[in-house]
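A note on names: the letters A, B, ... follow the listed sequences, proteins ahead of strands, and every chain is numbered from 1.
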Amino acid sequence: MTALLEMRSITKTFPGVKALDQVNLVVRKGEIHALVGENGAGKSTLMKVLSGVYPAGSYDGEIWYDNAPAAFRDIRDSEEKGIIIIHQELALVPLLSIAENLFLGNERAKAGVINWPETFRQTEALLRKVGLKEPPGARVDSLGVGKQQLVEIAKALSKDVRLLILDEPTAALSESDSQALLDLLLELKTQGVTSIIISHKLNEVRRVADSVTVLRDGTTVSTMDARAEAITEDRIVRDMVGRDMAHRYPDRTRRAGEVLFEVKDWNVWHPEQAERQVIRNISLQARAGEVVGIAGLMGAGRTELAMSVFGHSYGRRISGEVTVGGKRADTSTVPRAIAAGLAYVTEDRKTLGLILEEDICRNTSLANLPGVSQRGVINHAREAEVAEKYRGAMRIRTPGVFQKVMNLSGGNQQKVVLSKWLFTGPEVLILDEPTRGIDVGAKYEIYGIINELSAQGKAVVMISSEMPELLGMCDRIYVMNEGAFVGELPAAEATQERIMSLIVTE
Amino acid sequence: MNQPNATGGGIAAYLLKHMREYGLLFALIAIMVFFQIVTEGVLLRPVNITNLFLQNSYIIIMALGMLLVIVAGHIDLSVGSVMGFVGALAAVMLVEWSLPVAVAIPLCLLAGAAIGAAQGYFVAFWRIPSFIVTLAGMLVFRGLSLWLLEGQSVGPFPKSFQALSNGFIPDLIGSGKPNILALAAGVIAVGVLVWMGLKTRARNAQYGIEDEPAAFFWARNAIIAAALMFVIWKLAGFRGLPNVLISMVVLTVIYAFLTERTTLGRRIYALGGNEKASKLSGIKTERLAFLTFVNMGLLAALGGLVFAARLNTATPKAGFGVELDVIAAVFIGGASMSGGSGKIVGAVVGAFIMGVMNNGMSILGIGIDYQQVIKGLVLLAAVFFDVYNKRKQG
């Protein structure tokens, strides 16, 4: 098979940093090529070089596309050649219809007047291709994230895509949506579309990729061909982190104590749709030193459960009882929930967890300002000391605590969020997707922190869409579906299959 | 990973990074020097310096409140009208009802706080955009001032009320020529500034916090001290320290402390930076937004009293368009439209930049038409400078 794309010795430097150092990437015609590496390894930079975000001349090295040297000046330039990149943050206009989005900037129009029948006809054809049954006039914000992702792909198809680049396409998708997306990629492959997929989920990589290139610290570590050899996840992980990772989950001595945290008969209704009950009669227990998991598909109501418990931050007509350490706890507002010893680490750290424009120091103290002040006056020295302490303990990799959190990698940002909550001195931590969107090395460190917390006798409730993570970390797993618990499994008896079957059979 | 330009980048790198803070101060000095030259020395005559403070005091007082509102991610378009309304209210109380000054002033301040509370209620608890609520307030209170004054100017005010603006602190320790008290106050102020600066430096050094190079610290302090003493010297040669200057300085210090050192201030910045994250961190965001509006109302009322006292009459047109000057001052001072950033000192310097330009251009006899155009362009240039700097760094 001939190469569609060849990037040779790409070197890209930013002031003070060498983001890419002699990187090579060869993508053959008609294959699915996975690009993996830790955050900051240079994957996104490489794709920006390819798509012309960094124009020719701003980097060293050569790009050969279709057996000819290519020098893209901007995205438009690379799109004309059929290279289309779909970013993690979707670029759809939520208030416009699917059809309007598909042809945005590329309208089916004559002299500026849109030909709607033609637009709708073509939209329908494209939607069929990606397996969407929505009407072309449906507004994008009425679709789930999974379907929006498919709309993005349909948009790429409308531009006669030859090389499709997907940046972590399944990061925000549920299990079934992810499967559908990957199936679509395989389907497109049979139609001759070449794709590059950037992903952290190695099982997905293994499932669809024909070849895998691993980047580490801005250099190419290895390229593997799945058609020639069997690619194991362990091998990829080893190349990504540069060391053998015997265990993906650190060991922990399991020692559960008394029941520390209990939720009884929890019921919550939807904040806007008065008739819709989101959480039904949920009861949950967590012992001191125990890590309890909540498994379920996206939309099962896990986040809603956590947020409604934590200061009634979600929902209406909330009823039920929360006890912490055997005593009834008032969690009706966030300050009260914090006072009762709860902490909730959100799944969406950028919009709900951090103040991106502010530094690590100010983010760390945010939930416990009284802890660094006297009579309402902040002691800046004490604040810096606290932030520094957590930076060390969490191994947040930055030159100092006065870095804006905006500039940190996902893993480091998550550690800042954890620092913030640990500084409130919680007894119970509810962690909502604590490792979403962060790389393998940082994940391992987060797992270590969780184990450390349980060793200190705290109760940890962990919500995750990654089942292997729950199986590897938890003592006990609740399975949730459509707002209710449909099962409870001790870790020893739990398998992915059993969890899935509990969800499906209910 | 990015390496910080700790020492290697040196002075140029530091200057680039803190361009905005120094730029603002030097812009003010440059503008003053410029007008001093083109007005042939009129700008910095003792009587004109005194006037500068008197003319701009109410803008500065309101800019303090506006900064908090803008940092919290809101805007208040009603301050001009509220200011005019409270001035009218004071006139009715003092002139028509002959209430004692000591009763009327607290009542007026209370009225301002209540107006702020009413607007803040809709903004904070009903989540109606502040632009709309305060636009409504702007119309309502403009109308109410007209109604209160029945379209007439009301005055004059009792002497003790006028003293709010036009009074001077008597020279308690000297003969008044020059005013020794003013000079002493100036020396003490410079001393305190330098002492606090040194204290911060020492603490930063102790915790390894990056700080400005020593040469910069001393140069900056020398310039500020020289400018301050120069102004004080001029004031001392006229009638000494205006009362309103003292209120302004005290308020500025209080609000600078509030924003930079207290948990309350920190929470306002957090609210503006990311409301949802703040709320989930246990900050009572609604109450906080509400309080910034109450505070704004209170300061707008104080601004109204100061303004009325200076003119010695309440007119139906008082405060017309003032909200724009106040908001412009805050943005020139470096606050961000999207909330979460901005400094009290920036807002005050921004207000002075506007004030000096107003005053200088009036001395030159430049028409109000050109004045508006120039002020507009300066606002745009200041914000452009901000955005340009950010892009260059990012």
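For B:F125, the CZ atom sits in a packed shell: over 12 heavy atoms of surrounding residues, nucleotides or ligands are nearer than 6.0 Å. Annotation: B:K343, atom NZ; neighbour count of heavy atoms from other residues, nucleotides and ligands within 6.0 Å does not exceed 12. Residue-environment remark: CZ (B:F122) stays at or below the threshold of 12 foreign heavy atoms within 6.0 Å.
Inter-residue side-chain proximity for A:S313 and B:L280 is flagged as met; some heavy-atom pair is nearer than 4.5 Å. Between A:L352 and B:K279 there is no side-chain heavy-atom pair separated by less than 4.5 Å.
Nearest approach of A:P335 to B:K284, heavy atoms of both residues: CG-CE, 3.9 Å.
For residues 253-262 of chain B, a heavy-atom distance under 4.5 Å to chain A picks out B:F257, B:E260, B:R261, B:T262, given by residue number. Residues of residues 265-275 of chain B having a heavy atom under 4.5 Å from any heavy atom of chain A, listed by number: B:R266, B:R267, B:Y269, B:A270, B:G273, B:N274. The interface of residues 364-375 of chain A with chain B, defined by heavy-atom distances below 4.5 Å, comprises A:S365, A:L366, A:A367, A:L369, A:P370, A:S373. Residues from residues 417-427 of chain A that place a non-hydrogen atom less than 4.5 Å from a non-hydrogen atom of chain B comprise A:K420, A:W421, given in numerical order.
The line from CD1 of A:I355 to NZ of B:K276 is 13.5 Å long, rounded to the nearest 0.5 Å. Here the CD-OG distance, from A:E358 to B:S341, works out to 9.0 Å after rounding to the nearest 0.5 Å.
Neither the backbone nor the side chain of A:R336 has a heavy atom closer than 4.5 Å to any heavy atom of chain B. With a 4.5 angstrom heavy-atom cutoff, A:M307 touches chain B only via side-chain atoms.
In terms of heavy-atom pairs under 4.5 angstrom with chain B, the leader among A:E388, A:R362, A:M406 is A:R362. Of all the listed residues (A:E385, A:R349, A:K350), the one sharing the greatest number of non-hydrogen pairs under 4.5 Å with chain B is A:E385. Ranking A:I338, A:I378, A:T333 against chain B, the residue ahead of the rest is A:I378, based on heavy-atom pairs under 4.5 Å. Ranked by non-hydrogen atom pairs under 4.5 Å with chain A, the options B:S278, B:S281, B:G282 are led by B:S281.
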